[in-house]
Amino acid sequence: PWAGCAMIGYTPGDDVGALEDWPFDNALSDYRILDGTPRASGRLDAGGPGEATRMGIWRCTPGRFACTEQGDELMMILAGRCCLINHTSGEETDLGSGDSLFVRDGSRVTWDISEEITKVFFGHKSGGY
């Protein structure tokens, strides 16, 4: 699926370009808004529906919400600050510009976003997204 794909790269502080509204409406993710009115936006730069891998940009305004992650994901924060809380382990990870984190498919997490967050992500889901 990546054949012929131009090289894509981002570094913290980069302008990531236009993003589209990504509402919290995926039933599999079971989103629960816990505080504030977070709004998400994003873009897929590679991969898509039905494919096993995808890469793109995700941005979210401040707030706190819980969700179930869909797919194994490696993320790097390009801008902003948040704390990601893993419900299974209880581990809390503070993230800011330049930080990376790997999250497993099916993990129930809480995103506590204190400054608008922008991340680049690479995801994999065996059966496809």
Side-chain angles (χ1 to χ4, degrees):
W2 302 82
C5 183
M7 196 160 102
I8 300 170
Y10 297 103
T11 58
D14 278 356
D15 175 3
V16 296
L19 304 175
E20 60 189 45
D21 189 35
W22 281 9
F24 296 111
D25 63 0
N26 180 341
L28 294 174
S29 294
D30 187 26
Y31 288 103
R32 304 282 182 213
I33 305 299
L34 305 172
D35 189 35
T37 55
R39 293 201 52 197
S41 56
R43 179 185 69 239
L44 290 179
D45 290 329
E51 294 187 36
T53 57
R54 64 183 182 178
M55 190 202 90
I57 298 291
W58 181 80
R59 178 175 289 150
C60 192
T61 62
R64 194 164 60 99
F65 63 91
C67 67
T68 301
E69 293 293 328
Q70 298 301 305
D72 291 332
E73 181 179 306
L74 176 62
M75 65 184 86
M76 186 179 86
I77 306 302
L78 298 174
R81 296 213 56 79
C82 72
C83 179
L84 195 66
I85 303 158
N86 183 310
H87 291 223
T88 302
S89 68
E91 184 177 357
E92 297 185 15
T93 305
D94 290 317
L95 298 166
S97 182
D99 292 334
S100 298
L101 185 68
F102 179 79
V103 179
R104 287 267 177 213
D105 183 23
S107 296
R108 186 76 182 164
V109 299
T110 292
W111 286 85
D112 189 353
I113 301 169
S114 56
E115 293 176 20
E116 182 174 86
I117 198 90
T118 303
K119 70 175 183 175
V120 60
F121 64 87
F122 176 83
H124 180 268
K125 189 167 183 79
S126 294
Y129 285 95

Quiz item: Taking it one step at a time, do Leu19 and Thr118 satisfy side-chain contact (heavy atoms from CB on, under 4.5 Å)?
Solution: CA-CA 11 Å; Leu19 304 175; Thr118 303; 5.6 Å; no

Quiz item: Of all heavy-atom pairs between Pro38 and Cys60, which one has the smallest distance, and what is that distance?
Solution: CB-SG, 3.8 Å

Exercise. Run through the side-chain heavy atoms of Ile, Leu, Val, Met, Phe, Trp and Tyr, join any pair under 4.5 Å, and report what else lands in Met75's cluster.
Key: Trp22, Phe24, Tyr31, Ile33, Leu44, Trp58, Phe65, Ile77, Leu84, Leu95, Leu101, Val103, Val109, Trp111, Ile113, Ile117, Phe121

Quiz item: Distance from Thr53 atom OG1 to Glu51 atom CD, nearest 0.5 Å?
Solution: 6.5 Å

Self-check item: Pairwise distance CZ(Arg108) to SG(Cys67) - rounded to 0.5 angstrom
Solution: 6.5 Å

Self-check item: Exercise: identify the closest heavy-atom pair between Ser126 and Ala52
Solution: O-CB, 4.3 Å

Quiz item: Once you round to the nearest 0.5 Å, how far does CZ of Arg39 lie from CD of Glu116?
Solution: 11.0 Å

Quiz item: Between CZ of Arg64 and CG of Asp112, what distance do you get to the nearest 0.5 Å?
Solution: 6.0 Å

Quiz item: When rounded to the nearest 0.5 angstrom, what distance separates CG in Asp72 from OG in Ser107?
Solution: 8.0 Å

Quiz prompt | Hydrophobic cluster of Tyr129, others only, ordered by chain and residue number, side-chain cut-off 4.5 Å | solution = none

Self-check item: Side-chain donor or acceptor of Gln70 paired with backbone N/O of Thr68 under 3.5 Å
Solution: yes

Quiz item: Distance-only, no hydrogens or angles: does the Asp105 side chain make a donor-acceptor pair with backbone N or O of Gly71 under 3.5 Å?
Solution: yes

Quiz prompt | From NZ (Lys119) to CZ (Arg59), nearest 0.5 Å | solution = 13.0 Å

Quiz item: How about Arg43: does its CZ atom have over 12 heavy atoms from other parts shown lying under 6.0 Å from it?
Solution: yes

Practice problem: Determine which pairs satisfy side-chain hydrogen bond (donor to acceptor under 3.5 Å, both in side chains) with at least one residue from residues 83-102, sequence neighbours left out, and list them in order. | Solution: His87-Thr110

